[in-house]
Amino acid sequence: MDLILHNPRFLFVDDAPVGKGRPRFTRTGRCYTPKATRQAENRVRWAGHQHQGALITGPMGVLVLAVFPIPKSWSKKKRQEAEAGRVRPAVKPDFDNVAKLYCDALNGLMWEDDKQIVDGRCIKVYGQQPGVLVVGWTI
(Lines give C-alpha, C1' and ligand atoms only; values in the text may rest on other atoms or scores of the structure.)
Protein backbone atom coordinates (compact mmCIF):
# COMPACT_ATOMS: atom_id res chain seq x y z
CA MET A 1 0.00 0.00 0.00
CA ASP A 2 1.32 3.42 -0.99
CA LEU A 3 1.33 5.68 2.08
CA ILE A 4 2.85 8.66 0.30
CA LEU A 5 0.29 11.26 -0.77
CA HIS A 6 1.05 12.35 -4.32
CA ASN A 7 -0.12 15.87 -5.18
CA PRO A 8 -2.46 16.19 -2.18
CA ARG A 9 -5.37 18.62 -2.24
CA PHE A 10 -6.88 19.84 1.04
CA LEU A 11 -10.21 21.47 1.80
CA PHE A 12 -11.75 22.37 5.15
CA VAL A 13 -15.48 22.96 5.33
CA ASP A 14 -16.19 25.06 8.42
CA ASP A 15 -19.60 23.55 9.14
CA ALA A 16 -20.86 20.59 11.18
CA PRO A 17 -20.74 17.31 9.19
CA VAL A 18 -23.88 16.35 7.28
CA GLY A 19 -24.84 13.08 5.63
CA LYS A 20 -26.41 12.72 2.23
CA GLY A 21 -30.13 12.06 2.47
CA ARG A 22 -31.94 9.38 0.53
CA PRO A 23 -33.69 10.42 -2.65
CA ARG A 24 -37.39 11.13 -2.13
CA PHE A 25 -40.31 10.53 -4.46
CA THR A 26 -43.44 12.53 -5.13
CA ARG A 27 -46.84 10.87 -5.28
CA THR A 28 -46.51 10.82 -9.06
CA GLY A 29 -43.20 8.94 -8.81
CA ARG A 30 -40.84 11.82 -9.58
CA CYS A 31 -37.50 11.63 -7.76
CA TYR A 32 -35.94 14.62 -5.96
CA THR A 33 -33.10 15.40 -3.53
CA PRO A 34 -34.21 16.51 -0.04
CA LYS A 35 -33.85 20.24 0.66
CA ALA A 36 -31.43 19.72 3.59
CA THR A 37 -29.11 17.67 1.35
CA ARG A 38 -29.23 20.26 -1.44
CA GLN A 39 -28.40 23.06 1.01
CA ALA A 40 -25.51 21.10 2.55
CA GLU A 41 -24.08 20.25 -0.89
CA ASN A 42 -24.31 23.94 -1.85
CA ARG A 43 -22.35 24.95 1.29
CA VAL A 44 -19.66 22.36 0.46
CA ARG A 45 -19.53 23.55 -3.17
CA TRP A 46 -19.14 27.14 -1.98
CA ALA A 47 -16.16 26.07 0.17
CA GLY A 48 -14.85 24.07 -2.80
CA HIS A 49 -14.86 27.19 -4.98
CA GLN A 50 -12.34 28.68 -2.55
CA HIS A 51 -10.04 25.75 -3.35
CA GLN A 52 -7.14 26.66 -5.59
CA GLY A 53 -5.37 24.24 -7.86
CA ALA A 54 -5.91 21.87 -10.74
CA LEU A 55 -8.44 19.08 -10.59
CA ILE A 56 -7.20 15.66 -9.58
CA THR A 57 -7.28 13.35 -12.59
CA GLY A 58 -6.99 9.58 -12.76
CA PRO A 59 -7.19 7.10 -9.88
CA MET A 60 -7.17 8.79 -6.51
CA GLY A 61 -7.59 8.37 -2.78
CA VAL A 62 -9.67 10.46 -0.42
CA LEU A 63 -9.88 10.98 3.33
CA VAL A 64 -12.93 12.63 4.88
CA LEU A 65 -12.34 13.64 8.51
CA ALA A 66 -15.69 14.64 10.03
CA VAL A 67 -15.36 16.57 13.29
CA PHE A 68 -18.65 16.62 15.21
CA PRO A 69 -19.47 19.13 17.95
CA ILE A 70 -19.30 17.79 21.50
CA PRO A 71 -22.81 17.88 23.03
CA LYS A 72 -23.09 20.71 25.56
CA SER A 73 -25.17 18.49 27.85
CA TRP A 74 -22.24 16.14 28.48
CA SER A 75 -20.35 16.20 31.76
CA LYS A 76 -16.90 17.76 31.92
CA LYS A 77 -15.35 14.30 32.24
CA LYS A 78 -17.17 12.93 29.17
CA ARG A 79 -16.28 16.07 27.18
CA GLN A 80 -12.60 15.53 28.05
CA GLU A 81 -12.89 11.88 26.96
CA ALA A 82 -14.37 13.02 23.64
CA GLU A 83 -11.64 15.62 23.09
CA ALA A 84 -9.00 12.96 23.79
CA GLY A 85 -10.58 10.66 21.20
CA ARG A 86 -11.66 8.00 23.68
CA VAL A 87 -15.35 8.66 22.95
CA ARG A 88 -16.27 8.67 19.27
CA PRO A 89 -19.50 9.78 17.55
CA ALA A 90 -21.24 6.46 16.88
CA VAL A 91 -24.33 8.48 15.91
CA LYS A 92 -26.12 9.53 12.76
CA PRO A 93 -25.28 10.40 10.09
CA ASP A 94 -23.65 7.16 8.97
CA PHE A 95 -20.03 7.52 7.89
CA ASP A 96 -20.80 6.42 4.32
CA ASN A 97 -23.51 9.07 3.94
CA VAL A 98 -21.08 11.74 5.17
CA ALA A 99 -18.44 10.63 2.66
CA LYS A 100 -21.04 10.44 -0.14
CA LEU A 101 -22.23 14.03 0.36
CA TYR A 102 -18.72 15.54 0.37
CA CYS A 103 -17.39 13.40 -2.47
CA ASP A 104 -20.41 14.17 -4.68
CA ALA A 105 -20.39 17.88 -3.86
CA LEU A 106 -16.70 18.27 -4.79
CA ASN A 107 -17.09 16.78 -8.28
CA GLY A 108 -15.59 19.27 -10.73
CA LEU A 109 -14.04 21.32 -7.91
CA MET A 110 -11.31 19.10 -6.41
CA TRP A 111 -11.52 16.15 -8.80
CA GLU A 112 -13.21 15.44 -12.09
CA ASP A 113 -15.67 12.86 -10.76
CA ASP A 114 -15.91 10.77 -7.61
CA LYS A 115 -15.85 7.60 -9.73
CA GLN A 116 -12.05 8.17 -9.75
CA ILE A 117 -11.86 7.34 -6.03
CA VAL A 118 -10.32 3.89 -5.67
CA ASP A 119 -9.22 4.24 -2.04
CA GLY A 120 -11.19 6.11 0.59
CA ARG A 121 -11.79 6.51 4.27
CA CYS A 122 -14.18 8.49 6.43
CA ILE A 123 -13.34 9.11 10.08
CA LYS A 124 -15.80 10.52 12.62
CA VAL A 125 -14.44 12.28 15.72
CA TYR A 126 -15.57 14.87 18.27
CA GLY A 127 -13.83 18.22 18.52
CA GLN A 128 -14.20 21.80 19.70
CA GLN A 129 -14.14 23.12 16.12
CA PRO A 130 -16.75 21.20 14.08
CA GLY A 131 -16.07 20.84 10.39
CA VAL A 132 -14.97 18.48 7.67
CA LEU A 133 -11.46 18.09 6.29
CA VAL A 134 -11.30 16.52 2.85
CA VAL A 135 -7.94 15.35 1.52
CA GLY A 136 -7.59 13.98 -2.00
CA TRP A 137 -4.45 12.63 -3.67
CA THR A 138 -3.43 10.85 -6.82
CA ILE A 139 -2.50 7.18 -6.75
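It should be emphasised that the depicted structure is a prediction, and the values quoted were computed from it without experimental measurement.
Tracing side-chain contacts under 4.5 Å through hydrophobic residues (I, L, V, M, F, W, Y), one never reaches Tyr102 starting from Leu133; they form parts of separate clusters. Cluster membership for Val132 and Val18, using ILVMFWY side-chain heavy atoms within less than 4.5 angstrom, is shared. Taken together through direct or relayed side-chain contacts under 4.5 Å among Ile, Leu, Val, Met, Phe, Trp and Tyr, Val44 and Leu109 form part of one hydrophobic cluster. Under the 4.5 Å side-chain heavy-atom criterion for Ile, Leu, Val, Met, Phe, Trp and Tyr, Trp137 and Val13 are members of distinct hydrophobic clusters. Side-chain heavy atoms closer than 4.5 Å link hydrophobic residues (I, L, V, M, F, W, Y) into clusters, and following such links, even through other members, never connects Leu55 to Ile139.
If you take CD1 on Ile70 and CZ on Arg79, they are separated by 5.0 Å, rounding to the nearest 0.5 Å. The distance from atom OG1 of Thr37 to atom CG of Leu101, rounded to the nearest 0.5 Å, is 6.5 Å. Taking CD from Glu81 and NZ from Lys76, the interatomic distance works out to 13.0 Å, rounded to the nearest 0.5 Å. Here Leu65 contributes atom CG and Leu63 contributes atom CG; the two are 6.0 Å apart, rounded to the nearest 0.5 Å. Between Leu106 atom CG and Asp114 atom CG the span is 9.5 Å, to the nearest 0.5 Å. In this structure, CZ in Arg121 is found 10.0 Å from CG in Asp119, a value given to the nearest 0.5 Å.
Between the Asp94 side chain and the Asp96 main chain, no donor and acceptor come within less than 3.5 Å of each other. Here the side chain of Arg9 pairs a donor or acceptor atom with the backbone of Ala54 at under 3.5 angstrom. A donor-acceptor pair is defined here as one N or O able to donate and one able to accept, closer than 3.5 Å; such a pair exists between the side chain of Gln116 and the backbone of Ile56. The main-chain N or O of Pro93 is found under 3.5 Å from a side-chain atom of Lys124 such that the two form a donor-acceptor pair.
Residues Tyr126 and Trp74 bring their aromatic ring centres within 6.0 Å.
Remark: the Asn107 side chain and the Trp111 side chain contain an N/O donor-acceptor pair separated by less than 3.5 Å.
The closest side-chain heavy-atom distance from Ile117 to Cys103 is below 4.5 Å. Side-chain contact between Leu11 and Met110 is present, with at least one heavy-atom pair separated by less than 4.5 Å. When side chains are defined from C-beta on, Val62 counts as touching Val134, because their heavy atoms get closer than 4.5 Å. Residues Met60 and Val118 have side chains not in contact (no heavy-atom distance under 4.5 Å, counting atoms from C-beta outward).
Taking each heavy atom of Pro34 and Pro23 in turn, the nearest pair found is CD-CA, 4.5 Å. Pairing each heavy atom of Gly131 with each of Pro17, the nearest pair is O-CG, 3.9 Å.
Atom CZ of Phe12 has more than 12 neighbouring heavy atoms from other residues, nucleotides or ligands inside a 6.0 Å radius. In the displayed structure, Arg86 atom CZ is contacted under 6.0 Å by more than 12 heavy atoms of other residues, nucleotides or ligands.
Tested against Asp104, the residues Arg45, Lys20, Arg38 include a single salt bridge (charged side-chain N to carboxylate O under 4.0 Å, His left out) partner, Lys20.
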